Amino acid sequence: AARSAGFEFVLATYGYGMKAYFDYLNSTGGVNGRPITTKASDAKGDVQTTLASFTQYSGQSDVIAITGLGRDTQMDPLLPKLASTGIAAISSPSSTTSGLPYNKWYFSFGEDYGGDVTATAQYLSEKDSSAKIGYVAFDSPATRSVASNLTKAVAGTGVSVVGKEFLPPTATDASQAISSLVHAGATWIAIGAATDPQFTSILQNAKVQNFDGNILAIAGGGEDSNFKLASTDKYKALRSFHSPSETNLPGVAKMVSEVDGAKPDKYYYSMGWALGEVIAKALTTCGSDCTRAGFRDALETTAFSDPYGLAASAIGFSDTCHQGFRSTFVYGWDGSKPVQEGSIDAYNKPPCGGS
């Protein structure tokens with residue numbers, strides 16, 4: 001029988017990348033001589049739809065894992081249900097701090113806000129030791145946690161947080177928030193997380209209000225299209241994986257060459273492809289009679305050096321850290337395209353980093 005994995009595609013690009021890797025793998029014989037099949041639904045950021053989809057998939061015996069998911073507000077209600085159903089959930093493209101660094105049944109292959117705080121604090125303290133940060137994000141427990149932890153992380157470095165603005169998740173106009181941050185004296189606007197309309201409004205209002213400082217997208221905002229919209233060398237973004245447009249990199253060129261159909265152009269596609277690698281490795285380890293519990297155990301032994309070179313460091317999980325990637329790239333704009341400026345370890349202490 002084919003392997004099945006349930007998906008809740010809250011970000012289609014991510015799901016397409018994962019599915020494309022499975023299609024490529026199936027064309028070469030699958031895993032342990034068997035194909036991987038997928039079942040998909042779109043939770044659209046809604047908690048009740050997420051819970052209903054989880055109940056649907058976890059009740060199907062051929063589904064051995066669920067991935068996709070979305071905001072922390074969707075994932076948090078699921079955490080207590082994972083152990084009772086005995087099924088591993090791998091969140092993407094975001095994570096929830098409630099399940100990290102370790103929850104037996106929860107794994108994250110998304111942007112982890114805890115790690116993003118560490119990376120942001122390190123980057124700004126090295127880039128601009130007197131930076132004054134104005135933080136803006138849609139309102140959620142995770143984004144408020146980022147703002148609070150960022151304030152603590154930069155304490156004593158010379159960097160400071162001078163303002164925090166939280167937008168209703170459905171808001172599309174960020175003009176008042178940006179005005180408040182500009183008047184607070186921000187020299188950096190840090191975007192914690194934003195919907196596409198919010199992101200566009202933040203950039204547009206920064207220009208309208210003659211903000212002449214720098215903008216850093218902590219979560220999201222790293223796609224080529226985001227850089228083109230900003231069109232300034234003062235725009236920076238954390239990007240956890242290389243974009244498919246970076247075909248000058250051998251691993252990226254290899255991935256793109258193996259894609260059947262339309263060629264991808266978003267870095268979330270690369271994240272999905274890389275998660276496909278991890279899932280396939282866990283299935284191989286789990287063996288031909290893989291069970292839900294066996295697959296969960298196998299996920300904890302998947303740490304390896306990303307063979308396509310898509311990530312900033314090794315990808316995979318361990319029996320103490322369930323965050324699947326632990327470093328991030330910093331990208332800037334060279335006038336025509338995003339360019340990598342460096343990489344940062346998102347964790348500087350155990351169990352996910354340090355020594």
Side-chain angles (χ1 to χ4, degrees), residues 2-42 65-70 90-94 109-111 196 220-228 237-284 299 302 304-316 324-325 327-329 331 336-340 343:
R3 300 296 182 205
S4 293
F7 294 84
E8 295 185 39
F9 289 165
V10 296
L11 187 66
T13 302
Y14 200 115
Y16 293 153
M18 199 181 330
K19 179 67 163 52
Y21 182 77
F22 292 153
D23 288 345
Y24 161 70
L25 201 63
N26 289 342
S27 72
T28 63
V31 175
N32 297 325
R34 300 154 75 180
I36 301 173
T37 63
T38 61
K39 303 178 181 183
S41 64
D42 189 348
I66 293 177
T67 186
L69 310 176
I90 311 170
S91 67
S92 59
S94 301
F109 208 79
E111 292 161 325
D196 286 343
E223 297 289 7
D224 293 3
S225 57
N226 299 138
F227 280 94
K228 290 176 182 177
L238 302 186
R239 178 189 278 183
S240 304
F241 287 76
H242 289 300
S243 170
S245 64
E246 297 175 87
T247 51
N248 57 304
L249 302 175
V252 173
K254 184 174 186 292
M255 175 187 72
V256 173
S257 72
E258 291 167 350
V259 174
D260 185 16
K263 300 304 180 185
D265 62 356
K266 299 181 184 299
Y267 89 83
Y268 277 118
Y269 188 102
S270 301
M271 292 173 72
W273 182 278
L275 178 54
E277 297 177 45
V278 173
I279 290 174
K281 184 175 178 64
L283 284 171
T284 301
L299 280 174
T302 56
F304 64 111
S305 296
D306 173 21
Y308 285 78
L310 301 178
S313 63
I315 57 177
F325 54 87
S327 298
T328 186
F329 298 115
Y331 273 74
S336 62
K337 65 182 184 302
V339 292
Q340 181 187 332
S343 63

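Residue numbers start at 1 and run along the sequence shown. A quick note: this is a predicted structure, and the numbers were derived from the prediction, not measured.
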Quiz prompt | Trace of the side chain to side chain contact (heavy atoms under 4.5 Å, CB included) decision for I279 with M18 | solution = CA-CA 9 Å; I279 290 174; M18 199 181 330; 4.1 Å; yes
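- Heavy-atom contacts from other residues, nucleotides or ligands closer than 6.0 Å to CG of N248 number more than 12.
- Distance check: L275 CG to T67 OG1 gives 5.0 Å after rounding to the nearest 0.5 Å.
- Each of Y308, Y267, F325, Y268 was compared with F241 under the ring-ring contact (aromatic ring centres under 6.0 Å, His included) criterion, and only F325 meets it.
- Between T302 and L299 the shortest heavy-atom distance is OG1-O, 2.8 Å.
- The structure places CD of E111 at 7.5 Å from OG1 of T328, a figure rounded to the nearest 0.5 Å.
- In this structure, Y14 and F109 have perpendicular ring planes: the angle between them is above 60°, well past the 30° mark.
- Not counting sequence neighbours, the partners of K337 by the salt bridge (charged side-chain N to carboxylate O under 4.0 Å, His left out) test are D334.
- Residues P244 and S270 meet the side-chain proximity criterion, which asks for heavy atoms closer than 4.5 Å.
- Taking every heavy atom of both residues into account, G222 and R239 meet most closely at O-NH2, 2.5 Å.
- The main-chain N or O of E246 is never found under 3.5 Å from a side-chain atom of S243 such that the two would form a donor-acceptor pair.
- For K263, the side chain to side chain contact (heavy atoms under 4.5 Å, CB included) partners two or more places apart in sequence, or in a different chain, are V256, V259.
- Taking all atoms of both residues into account, the shortest heavy-atom contact from P35 to N26 is CA-OD1, 3.2 Å.
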Practice problem: Please lay out, stage by stage, how V278 and I90 fare under the test side chain to side chain contact (heavy atoms under 4.5 Å, CB included). | Solution: CA-CA 11 Å; V278 173; I90 311 170; over 6 Å; no
Exercise. Go through D23 and D260 one step at a time and tell me if the side chain to side chain contact (heavy atoms under 4.5 Å, CB included) criterion holds.
Key: CA-CA 8 Å; D23 288 345; D260 185 16; over 6 Å; no
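- Partner H242 forms a ring-ring contact (aromatic ring centres under 6.0 Å, His included) with one of W273, Y269, F329 and no other, that one being F329.
- In this structure the side chain of P307 reaches within 4.5 angstrom of the side chain of E277, judged on heavy atoms.
- Judged as a side chain to side chain contact (heavy atoms under 4.5 Å, CB included), and not counting sequence neighbours, the contacts of N226 are F199, E223, Y235.
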Exercise. Apply side chain to side chain contact (heavy atoms under 4.5 Å, CB included) to the pair S245 and D265, showing each step before the final yes or no.
Key: CA-CA 6 Å; S245 64; D265 62 356; 5.7 Å; no
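- To the nearest 0.5 Å, atom CE of residue M255 and atom OG1 of residue T247 are 10.0 Å apart.
- Annotation: the span from S27 atom OG to F22 atom CZ amounts to 13.5 Å, rounded to 0.5 Å.
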